[in-house]
Amino acid sequence: MKNDDWMPRTEDEDFASSLHQRTDELYRITNAQPDEAGLIECPVLALRDLVVFPRMISPIFIPPGPSLLAIQEAQYNDMTVIGLSQKNSEIEVPDPEDLLQIGVEIAVGRLLNMPDGNNSALIQGRRRVEVVEVVQRDPYIVVRARPIIEPVDLNPKIEALMRATRNLFEKCVQLDHSLPEEAQLFSINITEPGWLADMVATAISFPIKQRQSLLVIREPVERLKRVNGLLAQELDVLRLEDEIQTKVQTEVDRSQREFYLREQMKAIQTELGEGDVWSRELAELRLKIDNKQLPDEVLAQARKEIERLSQMQSLAPEVGIIRTYLDWILELPWNESTLDNLEVRHAEKILEHHHYGLKRAKERILEYIAVLSLNPKKHKQPILCFVGPPGTGKTSLGKSIAEALGRRFVRVSLGGVRDEAEIRGHRRTYIGALPGRVIQTMRRAEKINPLFMLDEIDKLGADFRGDPSAALLEVLDPEQNHAFSDHYLEISYNLSQVLFITTANTLNTIPSALIDRMEVIDFPGYIEEEKIEIARRFLIPRQMEESGLEKEDILIEDGALSKIIEEYTYEAGVRNLEREIGRVCRKIARKKSEKKPYQSMVTKELIEKHLGPPQFFISKAEREDESGVATAVAWTENGGEIMPVEVLIVEGKGNMQITGQIGEIMQESAQAALSYIKSRAKTLGIAVDAFEKNDIHIHIPEGAIPKDGPSAGITMATALASALTGRKVYKDVGMTGEITLRGKILPVGGIREKVLAAHRSGLKKLFLPERNLKDLVDVPRKVKTDIKIVPVVHMDDILRMALYPAFHPHKKSSKD
Ligand code: ADP
């Protein structure tokens, strides 16, 4: 039996031989002899955190107490003890009831005294026993128990189960390095299922409760089945552990490999003299950073980055990223500023020198500068917002303000910006990350206090990537912008000394939170006379200079300028006018350089020769008075615009159709107009069944441009009335105003732009809602005398004045 036993493993030879000695002693102890009833009577060894299986050898520690007494008594009588596991290992001195019913008869070897007062001994399980009765409780427990005999009749099923268990066990031994390899060998030689189960239960470190549950299964095959299941679970756990272990190991291997390669690279670089270059570059960077006067926080950040850099090899991929970052820090202005010239008179001179007109804007700017000069610390003035059509001088006035103050001028367009990151930048973890537009523009400014123009804030978008206007609010808010956060920079940037001016074509699309932060200054657009003045004073001299022309080379007559304005450009500003003047200058410059003869006086007649056929006709002037067509004056982002409204009546079933990219409000407004005209059918002399027998089609040409708003209401009503009555509409009459169902006329917006557009288009009479008269203060007097403005309160007034009289179908002028 001895050789079959599997013993605690040891590699210490001395200890091993002493162990053999001690096991020899163990084997000498004989099992207790059953009495007639087949019972044995033995003292009880209570096992606290231990389950001993038959045949297994194990060292144990025995504290002083009943168990020690029991062992001493047994040894004195040369007999075995019964080992019973405690149900609850917390209990120090268990009663018989605290012990499992099934245990193992145990041989206990020599007791050895331990330094800590415990005793240790080697024990060997002999056979399973079941306690039948308790014979003694004090001073130690003695029980009578029946040895459990396990039947051994193997069949192929059991053989298969054993083989499967051995297989699993073998795999566990391979994966679990704490298991001795001989354990697996040992398992091959075990021929009984119960024994095999006990052996595996001893070898694998199953939790104590599981071991106990295995011990109490009397039926050997059942026990083995159970062990088999537990083994399979154990194997899963071991495999997982192994996988993790392997992964960790590969990681370690890789970083070791990298380390090794880096060391080699270092060596190669030193060999090539490149290591020196790198450290010299680092030193230069350090010097640059120390020499640039950076705020503390920035300096700390820069040094931290340099430190990171110096830990790296010059070819490491992060190097580029960190260097770019440091470049940004080095190139951004942190403290550098220009000195403000806050002399109001000087500023006035400069503004006047570069710009014609724009009285209100100039005045407001001079006030602004005056406040600054009286209270230089007062940065918290409202942000100015220049609103007006393109080419009305917003940008160039901004430039002049910068010049007057002696500040740098920078601008950035926000048109089409939908992503917050475009304003605030991307975090450095993104590949190719950069600061946002604000910080990029500050770098261009090179100073911390430029005049910073934010163009097209009305074209700011918003989508799922975040709302850029929120970031913009932070930029413009004097309470917050001293610590503007850009995702790329990570450190806050001080924008509080920047003078921000925003520009927009319309206020309609600007979020109200933004408008609240700003003071709006209107740039309404110019009338022809103003344009001619601007052209003569500024645009022509500038274009002449660009084309290299001298004073005597060219003279553009006012008549020619008028022709360009009226027939080649159609705009509120002067941008196209300047371009056309440029074209004329270049034609002449070419002639001059080719030494061909040319006429230096550019007359109205010569314009067509230089610029080709006209691009715009003032169509209304050439149009005949017609029925079914009326002229609305509309507001657009480019200033005012005149817009014909056409109505066609065709036989049908009383349907109405509206075309020409019409918005919802305009549709409703058309319905209101129709209802009103229906209600007036009798007075207007429209046949009662005209509406049922016909279809009405309202069309507003130039379908490519979306149109909306209620202000075409009265025009649609006029065109409807005209089409249905056959009375013509005077061609030189324009109108704007909202109509109610009862024909009342309500005020509308954009009056000044509309009046200028009506004037520009050559209309002679303009119907305006009476309540809009107050908006005419800003309209140049010249316009007000050129065009007759008629305030109206009711639709009937318009019908009376805009349409031909009912029974006199002769042509008449509206001027009468
Ligand atoms: P915006 O920014 O409003 O679109 P710009 O400032 O670019 O317009 O103006 C277009 C051109 O017209 C510029 O060359 C500008 O100098 C000129 N300009 C516009 N308004 C005036 C003005 N009142 N006086 C002189 N030049 C003007």
Side-chain angles (χ1 to χ4, degrees), residues 347-366 383-404 409-416 441 451-460 499-507 509-510 518 520-547 556 558 561 564-565 568-586 635-640 752-753 756 760 778-780 782-783:
E348 186 175 6
K349 233 191 327 201
I350 289 193
L351 295 187
E352 287 302 331
H353 181 73
H354 293 302
H355 291 92
Y356 172 83
L358 301 176
K359 212 167 135 231
R360 280 184 151 230
K362 286 177 185 166
E363 266 172 20
R364 181 62 189 93
I365 288 154
L366 294 176
I383 309 284
L384 299 180
C385 177
F386 292 175
V387 179
T392 46
K394 300 182 293 297
T395 312
S396 74
L397 195 68
K399 280 187 193 157
S400 297
I401 301 170
E403 186 188 331
F409 177 84
V410 281
R411 60 191 278 229
V412 68
S413 175
L414 299 176
T441 311
L451 189 152
F452 193 134
M453 204 156 215
L454 290 155
D455 276 339
E456 302 194 301
I457 59 162
D458 52 334
K459 308 285 189 302
L460 211 59
L499 178 59
F500 285 106
I501 292 181
T502 61
T503 78
N505 293 138
T506 169
L507 286 178
T509 50
I510 308 178
M518 304 186 297
V520 173
I521 296 183
D522 277 316
F523 283 64
Y526 305 108
I527 59 170
E528 191 174 317
E529 286 68 21
E530 289 174 319
K531 289 182 182 175
I532 291 179
E533 197 62 34
I534 293 172
R536 272 210 269 116
R537 287 206 219 164
F538 303 100
L539 310 183
I540 297 174
R542 185 155 60 224
Q543 290 305 320
M544 279 169 61
E545 195 189 327
E546 299 232 319
S547 321
I556 304 181
D558 282 2
L561 281 174
I564 297 179
I565 292 167
Y568 291 84
T569 65
Y570 186 78
E571 58 178 350
V574 292
R575 198 170 278 172
N576 293 333
L577 175 59
E578 180 164 14
R579 198 179 56 217
E580 296 302 325
I581 291 172
R583 280 175 66 196
V584 173
C585 289
R586 285 193 296 279
W635 179 93
T636 71
E637 287 185 14
N638 294 326
R752 197 180 34 207
E753 285 81 0
L756 293 190
R760 191 158 63 233
D778 293 336
V779 175
K782 166 98 173 57
V783 175

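Every number for a ligand or one of its atoms is a count from 1 in the order of the listing.
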Would you sort out whether Arg536 and Asp558 count as a side-chain contact (heavy atoms from CB on, under 4.5 Å), showing the intermediate values? CA-CA 9 Å; Arg536 272 210 269 116; Asp558 282 2; 3.1 Å; yes
Under a 3.5 Å threshold, I'd like every N/O contact between ligand 1 and protein atoms, with atom names and distance.
from: ligand 1; atom 1: 2 (O); to: Thr395; atom 2: N; distance (Å): 2.8
from: ligand 1; atom 1: 2 (O); to: Thr395; atom 2: OG1; distance (Å): 2.4
from: ligand 1; atom 1: 3 (O); to: Thr392; atom 2: N; distance (Å): 3.2
from: ligand 1; atom 1: 3 (O); to: Gly393; atom 2: N; distance (Å): 3.2
from: ligand 1; atom 1: 3 (O); to: Lys394; atom 2: N; distance (Å): 2.9
from: ligand 1; atom 1: 3 (O); to: Lys394; atom 2: NZ; distance (Å): 2.7
from: ligand 1; atom 1: 4 (O); to: Gly391; atom 2: N; distance (Å): 2.8
from: ligand 1; atom 1: 4 (O); to: Arg575; atom 2: NH2; distance (Å): 2.4
from: ligand 1; atom 1: 6 (O); to: Lys394; atom 2: N; distance (Å): 3.4
from: ligand 1; atom 1: 6 (O); to: Thr395; atom 2: N; distance (Å): 3.1
from: ligand 1; atom 1: 6 (O); to: Ser396; atom 2: N; distance (Å): 2.8
from: ligand 1; atom 1: 8 (O); to: Gly391; atom 2: N; distance (Å): 3.4
from: ligand 1; atom 1: 8 (O); to: Gly393; atom 2: N; distance (Å): 3.2
from: ligand 1; atom 1: 14 (O); to: Arg542; atom 2: NH2; distance (Å): 2.6
from: ligand 1; atom 1: 14 (O); to: Glu578; atom 2: OE1; distance (Å): 2.9
from: ligand 1; atom 1: 16 (O); to: Ser396; atom 2: OG; distance (Å): 3.3
from: ligand 1; atom 1: 16 (O); to: Arg542; atom 2: NH2; distance (Å): 3.1
from: ligand 1; atom 1: 20 (N); to: Tyr526; atom 2: OH; distance (Å): 2.8
from: ligand 1; atom 1: 23 (N); to: Tyr356; atom 2: O; distance (Å): 2.7
from: ligand 1; atom 1: 23 (N); to: Tyr526; atom 2: OH; distance (Å): 2.9
from: ligand 1; atom 1: 24 (N); to: Tyr356; atom 2: N; distance (Å): 3.0

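No more than 12 heavy atoms of other residues, nucleotides or ligands lie within 6.0 Å of CZ in Arg360, so this atom counts as exposed by the packing criterion. For Glu352, the CD atom counts as densely surrounded, since its 6.0 Å shell holds more than 12 non-hydrogen atoms of other residues, nucleotides or ligands.
A donor-acceptor contact under 3.5 angstrom links the side chains of His355 and Ser396, judged on distance only.
Ile510 pairs in a side-chain contact (heavy atoms from CB on, under 4.5 Å) with only one of the listed residues (Thr502, Leu460, Val520, Ile457), which is Ile457.
Checking side-chain atoms of Asp455 against main-chain N and O of Val412 turns up no donor-acceptor pair under 3.5 Å.
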